[in-house]
Visitor: 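So that we are looking at the same thing, I have put the structure below in structure tokens.
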Amino acid sequence: MFDENGEFLGYCGIASDITAQIEAERNMETLASAIEQLSDLFALWGPDDRLLLCNQRFREINQPVIEFSKPGIRFEDHIRAALDAGLYTDAKGREDEWFEERMERHRNPSGLFEMARQDGIWILLNEQRLPNGATVTISSDITEVKQSQAKAQEQANIVETSMRAMPDGMLILDDDLEFVSWNDQLFEILGLNADLIVGSESPAKTFRYMMAQRGEYGTGDIDSLVAEHEATLRHSEAVIRERQLSNGRWVEIRNYPIPTGGYVYIIRDFTEQHQVARMKDEFISTVSHELRTPMTSILGSIGLIAGGTFGELQPQAGDLLRIANDNGQRLLTLINDLLDVEKLASGNMDYRMERIGIGELLSDAMDANKGYAEQFDVNLVLRESDIDAEIYGDKARLLQVMANLISNAVKYSSAETDVDISPERIGDKVRISVIDRGEGIPLEYHAQVFEKFTQADSSNTRQVGGTGLGLSICKAIVEHHGGNIAFESEPGVGSTFYFELDTNGTAD
Ligand code: ADP
């Protein structure tokens with residue numbers, strides 16, 4: 001301080017407390033370094049629209065235009081530079097339009113939007129205007145989300161294309177049984193007009209009511225039929241069934257529950273195969289009928305000649321007649337089996353049901369098959385038991401089952417072994433087992449034993465004879481009696497075939 005004449009008087013000091021300012025500056029530094037470290041992109045544009053603050057991620061993604069990504073640069077110049085450098089993938093081919101849209105959005109920021117960047121990167125931008133006129137842009141990387149969306153879309157495209165390409169009809173339902181997806185083939189096979197359904201409020205409901213009205217779900221009150229049908233649609237296991245539609249087509253319907261909820265339906269039209277199969281069955285049935293009559297008279301004539309009715313035969317002629325007779329018998333068995341199969345398939349098999357004592361059934365079976373067993377030098381043994389149970393059934397058909405099981409057991413046994421016939425009572429049921437010590441059935445063949453025309457080893461079967469039809473006929477007959485048939489077999493040890501019938505049984 002000086003006086004009026006300029007003389008030095010002394011010093012005077014003023015101090016002010018700037019702790020708060022220093023702290024604020026430090027806080028700002030902390031904040032800036034936190035922003036710098038963010039994995040998300042951050043940019044702050046001042047009220048004059050120049051870059052005030054940005055972080056590492058912002059610089060990284062704008063590396064190719066780093067000169068235009070520094071504080072002080074105008075927003076518009078930054079965007080223009082990045083656009084010219086091709087950093088906005090979704091702007092390709094419509095750069096000017098894109099630029100206008102981007103500027104418009106920046107002028108009126110309204111929150112979130114997605115942006116495709118270079119190298120397949122996708123970001124979700126959040127642009128907000130601050131009260132002082134500055135604009136803050138924060139973005140997060142959504143590349144992974146976008147990639148999984150693209151993958152899901154790709155898979156949806158594959159499913160949709162497969163559905164369009166497949167010959168079968170296909171329908172996907174959600175958990176509430178509403179339509180999710182379907183193909184044209186579905187409507188084509190069902191003979192429904194898709195346009196009538198698709199525009200409606202609930203295509204699924206409209207569809208079911210149309211089906212119910214056409215009589216596909218049976219007869220009765222339409223509402224209850226639809227409700228019942230909907231109940232059957234909810235199932236936890238795959239279901240496969242065949243049926244004829246009211247338009248005459250035969251379809252196989254496969255319903256699969258989707259593990260994450262909903263159901264898939266596949267409808268295959270097999271009308272043509274069905275017709276061919278019917279023609280085949282009719283053909284076999286006609287031919288077999290036509291063959292049986294002459295065959296019976298051939299065998300009758302052979303029998304008479306072989307029996308010496310017309311005089312003594314030369315030994316050679318006798319041998320030849322025996323061969324003719326054996327082969328004729330085989331042919332007749334085949335013809336009878338084929339006719340049985342046809343009758344079973346068409347439901348035309350006659351059953352004469354009556355009460356039958358088990359003892360009587362078994363002793364008749366013994367008598368009928370003893371001679372056959374002797375030819376193979378096999379002992380047929382009826383295991384004594386005091387079963388006096390009765391069953392309800394067709395005796396001739398049950399004897400046919402026994403004859404099949406016994407002849408198989410004998411055929412596949414070695415000479416001088418036993419084949420046992422053993423009855424056993426199990427609760428309300430009686431089980432009849434035919435036990436052999438023969439070659440057994442190879443494991444890989446077990447699943448098909450009861451199917452038509454199947455034989456475990458065709459080379460061997462050629463030696464022992466057989467059609468591969470016997471067991472399928474047995475199964476159909478036993479099941480018609482409400483019973484079941486099964487077997488246990490160990491290769492090299494032997495086989496046990498058995499069937500069980502209800503002792504109080506009545507036929508279905
Ligand atoms: P087939 O007329 O050929 O005997 P089946 O339907 O009666 O026809 O039997 C089917 C096949 O099951 C036979 O060809 C044979 O391979 C096998 N099989 C049936 N019973 C026995 C058995 N007791 N021991 C071994 N294999 C058997």
Side-chain angles (χ1 to χ4, degrees), residues 284 288 291-292 295 326-345 349 362 365-366 368-383 396-422 431-480 483-500:
I284 290 178
S288 310
L291 286 175
R292 187 155 63 173
M295 203 57 222
D326 286 353
N327 284 293
Q329 290 294 355
R330 273 174 75 173
L331 205 51
L332 193 61
T333 310
L334 171 62
I335 293 168
N336 284 332
D337 277 0
L338 286 172
L339 282 170
D340 279 352
V341 167
E342 193 276 324
K343 275 193 223 150
L344 287 165
M349 183 76 108
L362 296 187
M366 286 294 290
N369 295 286
K370 245 199 170 90
Y372 185 78
E374 274 162 16
Q375 283 177 35
F376 287 79
D377 203 7
V378 168
N379 308 315
L380 203 54
V381 183
L382 177 59
R383 280 206 201 150
R397 293 290 168 211
L398 291 176
L399 282 174
Q400 184 180 352
V401 172
M402 298 283 313
N404 252 306
L405 300 185
I406 295 171
S407 69
N408 278 348
V410 166
K411 271 194 297 193
Y412 298 102
S413 286
S414 347
E416 291 177 21
T417 58
D418 288 351
V419 165
D420 294 344
I421 299 174
S422 155
R431 175 189 286 196
I432 298 172
S433 305
V434 177
I435 306 156
D436 68 57
R437 281 98 187 152
E439 59 193 58
I441 299 172
L443 221 62
E444 64 273 16
Y445 175 66
H446 280 202
Q448 293 127 268
V449 162
F450 289 105
E451 281 171 25
K452 266 185 258 178
F453 296 111
T454 46
Q455 295 179 321
D457 175 358
S458 43
S459 58
N460 179 28
T461 313
R462 228 167 277 134
Q463 287 167 22
V464 295
T467 59
L469 290 172
L471 288 176
S472 74
I473 296 173
C474 291
K475 185 166 159 40
I477 293 175
V478 170
E479 285 177 356
H480 180 89
N484 64 296
I485 183 165
F487 72 98
E488 281 154 18
S489 181
E490 202 180 322
V493 177
S495 314
T496 297
F497 277 80
Y498 60 85
F499 60 97
E500 292 174 339

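Just so you know, these numbers come straight off a predicted model, no measurement behind them. Every number for a ligand or one of its atoms is a count from 1 in the order of the listing. Numbers here are sequence positions counted from 1.
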Visitor: With heavy atoms under 4.0 Å as the rule, classify the contact between Y445 and ligand 1 as side chain, backbone, both or neither.
Guide: side chain
Visitor: Apply side-chain contact (heavy atoms from CB on, under 4.5 Å) to the pair T417 and D436, showing each step before the final yes or no.
Guide: CA-CA 8 Å; T417 58; D436 68 57; over 6 Å; no
Visitor: Just distances here: any N/O of D436 and N/O of ligand 1 closer than 3.5 Å?
Guide: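 N/O-N/O distance below 3.5 Å exists for this pair.
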Visitor: Identify, by atom number and element, the atoms of ligand 1 in contact range of A409, meaning under 4.0 Å from any of its heavy atoms.
Guide: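 Per the distance check, 23 (N).
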Visitor: Using a plain distance cutoff, I'd like to know if S472 has any nitrogen or oxygen under 3.5 Å from a nitrogen or oxygen of ligand 1.
Guide: no
Visitor: Go through the structure and list residues passing ring-ring contact (aromatic ring centres under 6.0 Å, His included) with F497, not counting sequence neighbours.
Guide: F487
Visitor: State, yes or no, whether a side-chain contact exists between I421 and L380 at a heavy-atom distance under 4.5 Å.
Guide: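 SC-SC contact between I421 and L380 confirmed.
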Visitor: Please confirm whether N408 comes within less than 3.5 Å of ligand 1 when only nitrogen or oxygen atoms on both sides are compared.
Guide: yes
Visitor: Hey, does G468 sit under 4.0 Å from ligand 1 if you only count heavy atoms?
Guide: yes
Visitor: Looking at ligand 1, does F497 have a heavy atom less than 4.0 Å from it?
Guide: yes
Visitor: Taking the side chain as everything from C-beta on, heavy atoms only, tell me whether M366 gets closer than 4.5 Å to I406.
Guide: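 Counting from C-beta outward, M366 and I406 never come under 4.5 Å.
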Visitor: In ligand 1, which numbered atoms sit nearer than 4.0 Å to a non-hydrogen atom of L469?
Guide: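 Within the 4.0 Å cut-off of L469, ligand 1 contributes 6 (O), 8 (O).
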Visitor: Is K452 atom NZ crowded by more than 12 heavy atoms from other residues, nucleotides or ligands, each under 6.0 Å away?
Guide: no
Visitor: Distance under 4.0 Å to a non-hydrogen atom of G470: what atoms of ligand 1 satisfy this?
Guide: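 In order of number, 5 (P), 6 (O), 7 (O), 8 (O).
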Visitor: Does this structure show an ion pair linking D420 with R437, if we count only N-O contacts that are shorter than 4.0 Å?
Guide: yes
Visitor: How far does CG of D340 sit from CG of N404, to the nearest 0.5 angstrom?
Guide: 9.0 Å
Visitor: Going by the closest heavy atom to atom 27 (C) of ligand 1, which one wins out of V410, I441, I435, I473?
Guide: I441
Visitor: Output the distance between atom CD (E342) and atom CE (M349), rounded to the nearest 0.5 Å.
Guide: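 Between atom CD of E342 and atom CE of M349 there are 10.0 Å.
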Visitor: Does ligand 1 have any atom that is closer than 4.0 Å to a heavy atom of G494?
Guide: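 No, G494 has no heavy atom closer than 4.0 Å to ligand 1.
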Visitor: How long is the gap from CZ on R397 to CD1 on I473, to the nearest 0.5 Å?
Guide: 9.0 Å
Visitor: What part of L405 sits under 4.0 Å from ligand 1 if we count only heavy atoms: the side chain, the backbone, both or neither?
Guide: neither
Visitor: I'd like the name of whichever of V419, T496, L471 reaches closest to atom 9 (O) of ligand 1 through any heavy atom.
Guide: L471
Visitor: Side chain, backbone, both or neither: which part of F450 comes within less than 4.0 Å of ligand 1 when only heavy atoms are counted?
Guide: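 It is neither; nothing of F450 touches ligand 1.
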